[in-house]
Amino acid sequence: MADNNGELFPDDNAAQAVDLPMDVVAPDTAPEIEVLSSGLDLEQFPTAYSGTGLLNRLLFVARHSPPLAVEGCRLAHSIILRTENTDLYQETLDLWKEVTKDQPDAEQVPAVDDEWIATAKRTASFREERLDNDLKHFKSNSIKESIRKAYEELGDFHRQCGRYKQAIKCYSRMRDYCSAERLTLNMHLNTIKVLIHMEDYAQARLHVNKAMAFMNSSSARLSFTHTQKSSLACLGGIAHMGERRYGEAAEHFLSAVLEEEWVLSDILSANNVALYGSLCALAVFSRADLQQKVLSSTSFKMFLELEAPVRDVLVKFNQSKYSGCLRTLADMRNNLLLDLHLSQHVDALYRMIHQKGIVQYFLPYQCVSLHKMAAAFNCTVDEMEDEVVKLLLSERISGKIDSLAKVLHATDVDQRINTFSEAVKLGESYTRSAQALILHAALIKHNVSIGGGAPAGKTRRS
């Protein structure tokens, strides 16, 4: 069926047939990113992010967007002066010099403030010494809870200074001093945050799985707060997305709950949850899952209200209005390329969304013009033909192309042959099962035991 605008509405049964794998691992590519125009307002970043995450995002924008480079460095420099991270201070000034070397009219780069560096190092040294002394004192008095807090404070200190390996060591040593399940979960959350800052997504995913297993197997599940569960879901989403496991990432983001006080501003904002979760779901979910798990989700709707363009994309795609959906995605692309965690996945996700739309578009037809498909997907006929060829080779679409007439024809499938093949496979499976049962009965009858102890009262025979 088609709507008044000529857009296709495949029927529900057809939509059900487009079930892509939940765990999609795209090719690992890392193209060089340079964005010359975007609608980002860097002045708003401090209201959405904090800590190391804020600085990393500002510097990422400065590295990959020449028009925003100076502003990003200036904001990062002003924020770093309120910290004790001397390494990041020097890195910011070096980047500032690099982005302005070919801009004679650019804002002058501040000189290195040796006095600030010396003061920051001295202050950091005093803080570290005080925290170490507190830890030794608590250990000598065997105050378990105080030892745990001391390790946590020391880990937070190292994380703020950019010493991620030392931070992980401190967090891991908290385990023996956690007197409650919720404290153990906090230890996992802190470790995962550091691993995400290090961009070690493989280890972060392993720790997420450990934390999920611990939380699900704990006898005190009710002791975990909604904030902890939501935080683990968001961190798990980033870890899986970093590993290009978009299906699992979407499931994690969709299980998050929007809290009044957002506690993950050093990693991502609530708007990011809506963005990451929606794009991952759009790339891998079927239309039925998209409607049920995303658009009809009472918890995720709260996130979608923060990102109206993303919600519009989801609705249009679900209604098969691909032209408007892809146009909105194209308008968002430059901003997404400047997102710290999403930038390396934009091309892969967009390609998966585009291909899934083509598959859904073609399902109800026996033949369709490539000219109409190209118009529906905002691309040229040659580009559409290339995409269809890829889908044919990957067997996502069953058909053939008339290159002269630019028409895609569906291949007729003989359902009788498919049914017969399935029946043969089922018969072979039953035969193997029956033979295994006969063999097992024969072994028992003759008191034969292989690789184990003999049955009670019987003698083992070899």
Exercise. What orientation do Tyr322 and Tyr361 show, parallel under 30°, tilted 30 to 60°, or perpendicular over 60°?
Worked result: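 Tyr322 vs Tyr361 ring planes: tilted.
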Exercise. Tyr201 vs His341 aromatic rings, parallel, tilted or perpendicular, using cut-offs 30° and 60°?
Worked result: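 It falls in the perpendicular class, over 60°.
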Can you give each donor-acceptor pair under 3.5 Å made by side-chain atoms of residues 267-276, sequence neighbours left out, with the distance rounded to 0.1 Å?
from	atom 1	to	atom 2	distance (Å)
Ser269	OG	Asn271	N	3.4
Ser269	OG	Asn272	N	3.3
Ser269	OG	Asn272	OD1	3.1
Asn271	ND2	Leu306	O	3.3
Asn271	ND2	Glu307	OE2	3.2
Asn272	OD1	Tyr49	OH	2.8
Asn272	OD1	Arg57	NH2	3.4
Asn272	OD1	Ser269	N	3.0
Asn272	ND2	Tyr49	OH	3.4
Tyr276	OH	Arg57	NH2	3.3
Tyr276	OH	Asp339	OD1	2.5
Tyr276	OH	Asp339	OD2	3.0

Do [X] and [Y] touch side chain to side chain, with heavy atoms closer than 4.5 Å?
X: Leu342; Y: Leu279; value: yes
X: Leu295; Y: Lys301; value: no
X: Val257; Y: Lys229; value: no
X: Glu34; Y: His64; value: no
X: Met241; Y: His252; value: no
X: Asp176; Y: Lys144; value: no
X: Val407; Y: Ile401; value: no
X: Gln160; Y: Asn85; value: no

Please list, one pair per line, the donor and acceptor atoms closer than 3.5 Å that link side chains of residues 422-434 to other protein atoms, with sequence neighbours excluded.
from	atom 1	to	atom 2	distance (Å)
Thr431	OG1	Gly427	O	2.9
Ser433	OG	Ser429	O	3.1

So how far is it from [X] [atom1] to [Y] [atom2], rounded to the nearest 0.5 Å?
X: Glu251; Y: His240; atom1: CD; atom2: NE2; value: 10.5 Å
X: Leu235; Y: Phe253; atom1: CG; atom2: CZ; value: 9.0 Å
X: Ile353; Y: Leu326; atom1: CD1; atom2: CG; value: 8.5 Å
X: Cys178; Y: Asn186; atom1: SG; atom2: CG; value: 8.0 Å
X: Gln203; Y: Arg205; atom1: CD; atom2: CZ; value: 9.5 Å
X: Glu385; Y: Leu392; atom1: CD; atom2: CG; value: 10.0 Å

Of all heavy-atom pairs between [X] and [Y], which one has the smallest distance, and what is that distance?
X: Pro309; Y: Met332; answer: CB-SD, 4.3 Å
X: Val294; Y: Leu304; answer: O-CD1, 4.2 Å
X: Gly324; Y: Lys316; answer: C-CD, 3.7 Å
X: Cys234; Y: Ala256; answer: SG-CB, 3.7 Å
X: Arg182; Y: Gln228; answer: O-NE2, 2.9 Å
X: Gly247; Y: Phe285; answer: O-CE1, 4.4 Å

Donor-acceptor pair, distance only, cut-off 3.5 Å: does the side chain of [X] make one with the backbone of [Y]?
X: Asn335; Y: Ser38; value: no
X: Asp312; Y: Ala308; value: no
X: Ser172; Y: Lys169; value: yes
X: Glu383; Y: Thr380; value: yes

Exercise. Between Ser50 and Asp266, does any side-chain donor sit less than 3.5 Å from a side-chain acceptor?
Worked result: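 Judged by distance alone, the side chains do not pair up.
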Exercise. In terms of side-chain heavy atoms, does Ser278 have a donor or acceptor partner in Arg311 at a distance below 3.5 Å?
Worked result: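 Per modelled atom types, Ser278 and Arg311 side chains form no pair under 3.5 Å.
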Problem set entry | Aromatic ring proximity, centroids under 6.0 angstrom, Tyr246 and His345 |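 Close enough - the centres of the two rings lie under 6.0 Å apart.
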Exercise. Can Glu181 and Met215 be said to form a side chain to side chain contact (heavy atoms under 4.5 Å, CB included), step by step?
Worked result: CA-CA 8 Å; Glu181 284 80 359; Met215 189 171 63; over 6 Å; no
Exercise. Yes or no on side chain to side chain contact (heavy atoms under 4.5 Å, CB included) for Arg327 and Lys321, after CA distance, side-chain angles and deciding distance?
Worked result: CA-CA 10 Å; Arg327 190 180 302 113; Lys321 297 180 179 179; over 6 Å; no
Check this for me: does any side-chain nitrogen of one of [X] and [Y] sit under 4.0 Å from a carboxylate oxygen of the other?
X: Glu84; Y: Arg127; value: yes
X: Asp402; Y: Lys406; value: no
X: Glu91; Y: Arg63; value: yes

For this session: Report the C-alpha separation of Arg130 and Asp134 in whole Å, then their side-chain angles, then the decisive distance to 0.1 Å, and conclude whether the salt bridge (Lys or Arg N to Asp or Glu O under 4.0 Å) test is met.
Result: CA-CA 6 Å; Arg130 177 179 61 80; Asp134 290 344; 3.7 Å; yes
For this session: Determine which pairs satisfy side-chain hydrogen bond (donor to acceptor under 3.5 Å, both in side chains) with at least one residue from residues 149-158, sequence neighbours left out, and list them in order.
Result: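 For residues 149-158: Lys139-Tyr151, Arg148-Glu152, Glu152-Asn190, Asp156-Tyr171.
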For this session: Return the set of residues passing side-chain hydrogen bond (donor to acceptor under 3.5 Å, both in side chains) with Arg333 (not counting sequence neighbours), or none when no residue passes.
Result: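 Partners of Arg333 under the side-chain hydrogen bond (donor to acceptor under 3.5 Å, both in side chains) test: Asp347.
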Exercise. What pairs with His137 under side-chain hydrogen bond (donor to acceptor under 3.5 Å, both in side chains), at least two apart in sequence or on another chain?
Worked result: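 Scan of His137 (side-chain hydrogen bond (donor to acceptor under 3.5 Å, both in side chains), adjacent residues dropped) gives Asn141.
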For this session: Using the ring of Phe300 (Phe, Tyr or Trp, six-membered ring only), decide whether Lys293 places NZ or CZ under 6.0 Å from its centre and within 45 degrees of its axis.
Result: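 Geometry flag: not set, cation outside 6.0 Å or 45°.
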Problem set entry | Step-by-step side chain to side chain contact (heavy atoms under 4.5 Å, CB included) determination, Ile358 to Met384 | CA-CA 9 Å; Ile358 294 174; Met384 176 55 64; 3.8 Å; yes
For this session: Go through Leu314 and Asn318 one step at a time and tell me if the side chain to side chain contact (heavy atoms under 4.5 Å, CB included) criterion holds.
Result: CA-CA 6 Å; Leu314 290 169; Asn318 204 45; over 6 Å; no
For this session: Using the side-chain contact (heavy atoms from CB on, under 4.5 Å) rule, pick out the option among Leu336, Ile33, Val35 that qualifies with Ser343.
Result: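 One option only clears the test, and that one is Ile33.
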For this session: Please assess Ser299 against Ser297 for the test side chain to side chain donor-acceptor pair (under 3.5 Å), listing each intermediate value before the final yes or no.
Result: CA-CA 6 Å; Ser299 59; Ser297 171; 3.3 Å; yes
For this session: Please list, chain by chain and in numerical order, all residues satisfying ring pair (Phe, Tyr, Trp, His ring centres under 6.0 Å) with Tyr350, sequence neighbours excluded.
Result: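 Here no residue qualifies.
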